[in-house]
Amino acid sequence: MNKIKELIDKALKENLFGKNFQFRPNQRETIEFICNEYIQDNNATIILDAPTGTGKSIIAMWSSYILKELGNQGYIIASDKSLQNQYERDFSHYGLNWPSIKGVDNYDCDVNGLPFSLGECKMRGFTYDQAERLHCSQTCNYIQFRKKAIKSPVTLLNYSFWLIQQNYVNPKLALRQYLLQGGSVEGFGGPPGLDASVEVDDFDNFFPFKKRDFCFFDEAHKVDEIVQQHFSPILKKFPLLKTATLIKFLGSEGIKAPRVSKAYVEDLMDQILKEESNEKLAFYLNKLKVFLAGITKCREGLSKRARFKFGASVDSNLPKKWKNVFSQMDSLKDVHCKLEDYLEIIENEGLQTMLFSKNLQDGEIKLMCLSESTMIKKHLHKRAGFKVFMSATIGDPRTYSKIMGIENAKFIRLSNGFTYDKSPIVFVDRLKMSMQHKKENLPKAIVLLDQILAKHKNQRGLIHTGSYEFSQYITQHSKHVRRIIEYNKSSEKEEAIIKFKNGVNGVIMGPSILEGLDFADEVCRFQIFFKVPYPSLGDPLTLAKIKKSPGWYDWKTGITIQQGAGRSIRNKGDWAVTYILDACFGNLINKTEFFPDNFKQRIKKIK
């Protein structure tokens, strides 16, 4: 019996995961495989396709425990706060004393009640070491959670927090130590500004959140979107115009700041917003980066001035005007960091990878990069050791590996053992809901929708509309509008879900009820895809990705459909009927590699 089997048996004997804990089918074998793979190659990559019911979170927790017992440290990475909260509940349920930490603004300062980034210690420029010595640190949730998260051998983070620590905080700390050790700033390259002979990891001992031995990345089908969003700055003209007022304030406090007028900022943003040439746009963006760098450097001087003027004690709150200034400075720092990272990526990948979308009415531009696999390699793969990418919907592993920039990986596909006899996928192959057909077919689709709602009049269900436009049309034309629970923006989604779960025969409707929600058993017995959720062709990134990788568009759509279909079948005894009313689905079902067998076998086509 090898060491891994012994550790699992010992943990079961000692009831470390609970007295009555039992593995589901294939869980133990998968855990043993992952841990053995780590022993053979501690820089390997595993792709785990684990549909609902297989218990991938259990696999991640048990594998992390065994790897920890073997003397290793690691992270479990959640896609968002909702999944992170679920993991926290699981940790508590199974008696795992592993900490979790989110971004700073999920915690309030005990002294002034503002988000921690605007806490009294942060505005006065205290380091974390200094803040930990303050009396208020004992009741400060962020400082206490952070300390535990740093010390624990297994820590739960979300992607955003992990990416910031690995790609911004750690490189900056590495550069600082490099300079303190006599390194030269000349000839620097890369985010940390280190010369070619020096790696960020050489300074690992100075990092709070180090590059650890292993990482479990959950909801890994979303990694390309997460990395793209993380490194895609959004520039807004009107908030940037307020920097002129900020510069005046800094000058009035004796803090040296860039001597720039409002007219200069307005002209620069106008140039950025109207420019269509990538080369010229990059030139103007670099000018903006230099300008923002000059302002953000004033943050330290502003903190010193605050300590001098209002005292170093955090018990004396800063005036509201000063708090607003610090808030503005932090927002500009965030824009500058993202812009700096983005321009470095474009410089390395080439101007041809530069993409952007503009909203001229609101004075906004969103910057994107086509080279997602390269971004993932650099900012994720390189910053993690042993990697396990987990999802209920990986789809075709070859397409997934290409998108993720994975060159060599072991692939595991689990079966949940569900029987779908009562859960057909009814595909009505009549009406296309694409742009050129929707005007003609929408009235007919409403008739079909109302027939389905009447059939399920005593049950709760979902309508995946694909867009707010279709949601509004259904609200205006359906006979069953009184049953429909609609939300018109993401901030209303949570309240709508609560109302839906507490109702009797309500139908929740929206464009984004596709992932991360658990509507088990009687909560939901049917769901309708009013439109196939293709990525928007109005997005320049979508168009560019289709051109670069034709298989991506169908793969992404297939993943989204599987995610949506999984909202209402959560355990072996659960069931729900799925209806697809958009005939465009016919273009996907022939591409067998995008759907698992148990999905394809459920499809009942109706002409």
Side-chain angles (χ1 to χ4, degrees), residues 51-53 56-57 78-90 92-93 100 102-103 105-106 158-160 218-219 221-222 225-226 229 391-393 423 449 452-453 456-476 478 480-533 559-571 573-581:
T52 300
K56 60 182 167 62
S57 59
S79 58
D80 52 38
K81 287 187 288 186
S82 176
L83 182 59
Q84 194 168 358
N85 291 339
Q86 180 59 56
Y87 265 107
E88 289 172 2
R89 291 190 289 271
D90 288 343
S92 176
H93 176 74
S100 168
K102 302 180 178 77
D105 285 341
N106 289 281
N158 54 56
Y159 281 90
S160 179
D218 207 344
E219 297 294 285
H221 64 282
K222 299 168 72 172
E225 294 178 14
I226 291 169
Q229 184 176 356
S391 174
T393 52
S423 304
L449 178 79
I452 295 167
L453 293 177
H456 296 274
K457 62 181 180 180
N458 296 317
Q459 296 169 331
R460 283 172 287 184
L462 310 179
I463 303 175
H464 305 289
T465 62
S467 70
Y468 289 113
E469 176 192 358
F470 284 112
S471 295
Q472 291 171 1
Y473 188 91
I474 291 170
T475 301
Q476 293 166 2
S478 173
H480 300 270
V481 66
R482 290 185 179 180
R483 287 178 61 191
I484 294 174
I485 301 167
E486 182 186 11
Y487 62 92
N488 293 309
K489 50 188 177 181
S490 57
S491 60
E492 299 172 357
K493 183 177 177 181
E494 187 173 347
E495 184 179 343
I497 290 170
I498 293 171
K499 184 178 179 181
F500 168 68
K501 286 187 172 182
N502 291 335
V504 177
N505 71 338
V507 180
I508 188 168
M509 177 176 71
S512 59
I513 324 173
L514 295 164
E515 295 187 5
L517 298 172
D518 186 343
F519 295 146
D521 301 316
E522 297 297 332
V523 173
C524 181
R525 288 304 188 195
F526 71 97
Q527 57 187 334
I528 303 166
F529 284 89
F530 194 74
K531 182 184 183 303
V532 172
I559 292 297
T560 306
I561 290 173
Q562 290 175 67
Q563 282 285 330
R567 294 312 94 213
S568 52
I569 306 173
R570 309 300 294 176
N571 55 67
D574 203 358
W575 61 271
V577 182
T578 299
Y579 299 89
I580 300 177
L581 305 188

Donor-acceptor pair, N158 side chain versus D80 backbone, under 3.5 Å?
no

N/O donor-acceptor pair under 3.5 Å between R483 side chain and L453 backbone:
yes

Can you confirm whether T560 sits close enough to T393 that some side-chain heavy atom of one is under 4.5 Å from a side-chain heavy atom of the other?
no

Donor-acceptor pair, side chain of R525 and main chain of G461, under 3.5 angstrom:
no

Specify the closest pair of heavy atoms between P533 and I561, including all atoms of both residues, with the distance to one decimal.
CD-CG1, 3.7 Å

With sequence neighbours excluded, what pairs up with Y87 under the ring pair (Phe, Tyr, Trp, His ring centres under 6.0 Å) test?
none

Please determine if K56 and E219 form a salt bridge, counting it only when a charged side-chain N lies under 4.0 Å from a carboxylate O.
yes

Do the side chains of Y473 and T465 get nearer than 4.5 Å, heavy atoms only?
no

4.5 Å side-chain heavy-atom contact, Y159 and Q229:
no

Return yes if some donor-acceptor pair links the side-chain N/O of S423 with the main-chain N/O of W575 below 3.5 Å, else return no.
no

Check G564 against H464 and note the closest heavy-atom contact, atom names and distance.
O-NE2, 3.8 Å

With salt bridge (charged side-chain N to carboxylate O under 4.0 Å, His left out) as the rule and sequence neighbours excluded, what pairs involving residues 456-474 come up?
K438-E469

To the closest 0.5 Å, what do you measure between CD (Q563) and NE2 (H221)?
3.5 Å

For a 4.5 angstrom cut-off between non-hydrogen side-chain atoms, does I528 reach L581?
yes

Within the structure provided, determine whether H480 and V507 are in side-chain contact (heavy-atom separation under 4.5 Å).
no

Under a 3.5 Å cutoff, is there a donor and acceptor pairing between the side chains of E486 and S471?
no

If I take atom OG from residue S391 and atom CG from residue D218, how far apart are they, to the nearest 0.5 angstrom?
7.5 Å

Look up atom CZ in F500 and atom CG in N505, then write down how far apart they are to the nearest 0.5 Å.
10.0 Å

So, for D574 and S568, which heavy atoms are closest and what is the spacing to 0.1 Å?
OD2-O, 3.1 Å

How far does NZ of K531 sit from OG of S467, to the nearest 0.5 angstrom?
7.0 Å

If you look at every heavy atom in L449 and I463, which pair is closest and at what distance?
CD1-CD1, 4.0 Å

Just verifying a value: how many Å separate I474 CD1 and M509 CE, rounded to the nearest 0.5 Å?
5.0 Å

Note: E88 and S100 closest approach over all heavy atoms is OE2-OG, 2.6 Å

Say you draw a straight line from CD1 of I484 to CD1 of I508; how long is it, rounded to the nearest 0.5 Å?
11.5 Å

